[in-house]
Chemist: 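Here it is, the structure, as structure tokens.
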Number of protein chains: 2
Amino acid sequence: MLRCRLHDSRVTLDSARARTYLPPGMKCSASTAAPPSVRGRPREFDPDEALAAALRVFWARGYEGASMAELTEAMGITKPSLYACFGNKEALFKKALDLYERDKLAYIGKALEAPTARGVAERLLNGAVATHCGDSDPHGCLGVISTVVCAAEADPIRADVIKRRASSEAAVVKRFEQARRDGDLPDSVCPTKLASCLTTLLQGLAVKAQGGAQPEELQGSIDTFLAMWPGR
Amino acid sequence: MLRCRLHDSRVTLDSARARTYLPPGMKCSASTAAPPSVRGRPREFDPDEALAAALRVFWARGYEGASMAELTEAMGITKPSLYACFGNKEALFKKALDLYERDKLAYIGKALEAPTARGVAERLLNGAVATHCGDSDPHGCLGVISTVVCAAEADPIRADVIKRRASSEAAVVKRFEQARRDGDLPDSVCPTKLASCLTTLLQGLAVKAQGGAQPEELQGSIDTFLAMWPGR
DNA sequence: CCGAATATATACCGGTCAGTACAGAACATC
DNA sequence: GATGTTCTGTACTGACCGGTATATATTCGG
């Protein structure tokens with residue numbers, strides 16, 4: 001499983017290449033706001049669209065399962081264009097992951113704004129089913145796929161995704177602590193453990209969706225869970 | 001993602017090869033109980049031990065992530081020996097999966113014998129944590145890994161694992177229907193949905209274990225879930 | 001001791017992997 | 001139009017993939 005890592009992509013990318021792509025969410029507005037500096041032949045594709053296409057491939061196949069040939073075909077560009085614009089496969093994946101969190105996981109932030117703890121759980125669970133069983137996108141959760149699939153234990157992709165998920169769960173914990181202060185949750189329940197239980201169920205939903213489960217079946221899990229919910 | 005499928009392994013295996021390996025659980029005792037018929041050079045390795053080693057590799061790396069080189073090294077044999085004994089990578093994986101279900105998932109059958117529905121759930125959840133967080137084996141669930149990882153939608157490995165899991169869940173459903181007749185569960189709960197919820201949580205536990213979660217954290221999810229449990 | 005039968009080890013097959021060298025094409029500036 | 005800069009397409013690299021051909025050991029029945 002030793003992969004070819006003959007060159008240091010960061011050097012060629014950050015110094016020699018000036019026009020690498022940044023996903024729309026993260027503008028580096030702090031630096032010198034130079035004019036777009038369009039000298040030379042203009043790019044013939046839209047990096048946003050290409051990245052969206054790459055996201056769909058990674059989502060359907062996983063990081064290792066997505067080959068560069070498949071990616072370039074879906075993105076409608078050739079390999080040199082991809083490498084010039086996005087760096088390498090790993091950098092492309094991280095940018096796709098950023099896009100995924102920003103677009104497809106936006107429901108998480110919204111869910112945390114629900115007025116009650118139960119409302120938070122309800123929105124999270126329904127949002128997960130809608131996202132992971134949607135007809136226009138691949139089934140399953142890109143985060144779960146990436147956590148589970150990656151080969152080597154020390155894989156930086158895996159570590160990155162796990163770290164991102166931990167911060168999401170921490171946000172749920174904080175929300176549930178607030179809910180207990182608000183009286184949404186009885187004092188007998190531990191916010192940390194309840195959040196852990198909820199996120200565990202969420203990840204299970206993602207696995208089942210990945211396996212082709214129908215949304216109605218997942219809805220059954222959700223209904224049962226919410227019927228057991230301790231509090232309002 | 002087109003894989004090399006140049007030969008039909010079943011033909012060469014079942015007809016030409018007579019001494020292919022069968023996991024210990026599935027003796028074909030019905031057929032002619034011929035003497036071991038050890039003509040020719042004897043095998044220098046123990047197929048049971050080799051299969052157990054292969055299982056650990058698949059468990060840690062997934063089906064596609066495990067390379068034949070890694071497998072043969074862990075098994076202590078060469079590639080021709082592997083192919084002669086186990087067929088090909090896919091057949092080896094299925095045999096490893098059989099061994100996994102027989103040895104590592106034995107707690108599921110035991111759990112279904114618990115006297116109450118709550119007892120069934122408790123044993124299933126605790127058994128999952130013990131199995132997927134053990135120190136002597138890779139973390140996570142081979143079934144979940146295999147479901148999530150496989151590349152092509154039509155991959156027979158994926159389909160096989162999903163089918164196996166469906167039969168497990170069906171067994172839980174039947175057990176919960178019995179539990180409701182026994183009065184373990186209130187009439188308001190649907191056995192199917194409750195089983196779905198439980199197995200969803202179980203798969204979420206596997207994902208978290210895969211990501212390196214400590215058993216104490218998973219125990220928190222379990223405690224919370226069982227505290228919410230409807231019935232006895 | 002002789003072949004038949006089976007297992008082993010080496011070396012190899014075509015194919016795919018991620019990544020790149022190179023030449024030509026398209027633009028801005030001079 | 002010349003020049004410099006950037007992008008695009010073709011063709012390629014070395015490494016690894018799953019799987020196998022071949023030759024050599026090692027055992028058996030005869």
Side-chain angles (χ1 to χ4, degrees), chain A residues 1-13 16-21 35-47 50 54 57 61-73 75-93 151-152 157, chain B residues 1-9 11-13 16-21 35-47 50 54 57-58 61-73 75-93 151-152 157:
Chain A
M1 259 306 123
L2 292 176
R3 294 294 180 186
C4 184
R5 301 197 183 280
L6 294 178
H7 78 296
D8 187 333
S9 62
R10 287 164 299 182
V11 173
T12 54
L13 276 180
R17 302 271 181 196
R19 276 203 241 173
T20 57
Y21 172 71
S37 157
V38 281
R39 210 161 43 179
R41 179 173 174 174
R43 192 174 277 138
E44 293 180 4
F45 64 95
D46 179 351
V57 176
R61 305 271 194 226
Y63 175 70
E64 308 216 72
S67 73
M68 295 304 291
E70 204 172 0
L71 285 164
T72 52
E73 186 181 346
M75 299 165 81
I77 63 179
T78 60
K79 281 207 276 181
S81 297
L82 191 157
Y83 277 84
C85 184
F86 297 101
N88 59 12
K89 191 182 180 183
E90 187 176 325
L92 175 65
F93 180 80
I157 297 276
Chain B
M1 258 306 128
L2 292 176
R3 295 293 179 187
C4 185
R5 300 197 184 281
L6 292 179
H7 77 296
D8 187 333
S9 61
V11 172
T12 55
L13 276 179
R17 302 270 181 196
R19 273 203 241 174
T20 57
Y21 172 71
S37 156
V38 281
R39 205 161 45 179
R41 179 173 176 176
R43 191 175 278 136
E44 294 179 2
F45 63 94
D46 179 349
V57 175
F58 280 128
R61 305 271 194 227
Y63 176 71
E64 308 216 70
S67 73
M68 296 305 292
E70 205 173 359
L71 286 165
T72 52
E73 186 182 344
M75 299 164 82
I77 62 178
T78 60
K79 281 206 278 180
S81 297
L82 189 156
Y83 278 83
C85 184
F86 298 101
N88 59 11
K89 189 182 181 183
E90 188 175 324
L92 175 65
F93 180 81
I157 297 276

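Protein chains get the first letters and strands the later ones, always in sequence-line order, with residue 1 at the start of each.
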Chemist: Select from B:P42 and A:E44 the residue whose nearest nucleotide in DNA chain D is closer to the 5' end of that strand.
Modeler: A:E44
Chemist: Identify the heavy atoms of B:M75 and B:A54 that sit nearest to each other, and give their distance.
Modeler: SD-CB, 3.8 Å
Chemist: Nearest whole angstrom, please: distance from the P of D:dT6 to the CG of A:L82.
Modeler: 19 Å
Chemist: Nearest to the side chain of A:R39 - D:dC17, C:dA28, C:dA18?
Modeler: C:dA28
Chemist: With a non-hydrogen cut-off below 4.0 angstrom, is B:P80 in contact with a base, only sugar-phosphate, or nothing?
Modeler: base
Chemist: Measure across B:K89 and B:E64 and return the closest heavy-atom pair with its distance rounded to 0.1 Å.
Modeler: NZ-O, 3.8 Å
Chemist: Please give, in whole Å, the distance from C:dA18 P to A:E64 CD?
Modeler: 9 Å
Chemist: Taking all atoms of both residues into account, what is the closest heavy-atom pair of B:T78 and B:T72, and its distance?
Modeler: C-CG2, 4.0 Å
Chemist: Between D:dG18, C:dC17, D:dG9, which one does the side chain of A:A69 approach most closely?
Modeler: C:dC17
Chemist: Establish, with yes or no, whether the OP1 or OP2 oxygen of D:dT8 is under 4.0 angstrom from a side-chain nitrogen or oxygen of A:T78.
Modeler: no
Chemist: Where each residue is assigned the nucleotide of DNA chain C containing its nearest heavy atom, which of B:G76 and A:K79 is assigned the position nearer the 5′ end?
Modeler: B:G76
Chemist: Expressed as a whole number of angstroms, how long is the span from B:Y63:OH to D:dC17:P?
Modeler: 14 Å
Chemist: Is any side-chain nitrogen or oxygen of B:R41 closer than 4.0 Å to OP1 or OP2 of C:dT8?
Modeler: no
Chemist: For A:R43 and D:dC7, is the shortest distance between a side-chain N/O and OP1 or OP2 below 4.0 Å?
Modeler: yes
Chemist: OP1 or OP2 of C:dA7 less than 4.0 angstrom from a side-chain nitrogen or oxygen of B:S81, does that happen here?
Modeler: no
Chemist: Give me the atom names and distance for the closest heavy-atom approach of A:F86 to A:L92.
Modeler: CG-CD1, 3.7 Å
Chemist: Is the shortest side-chain N/O distance from A:K89 to OP1 or OP2 of C:dA18 below 4.0 Å?
Modeler: yes
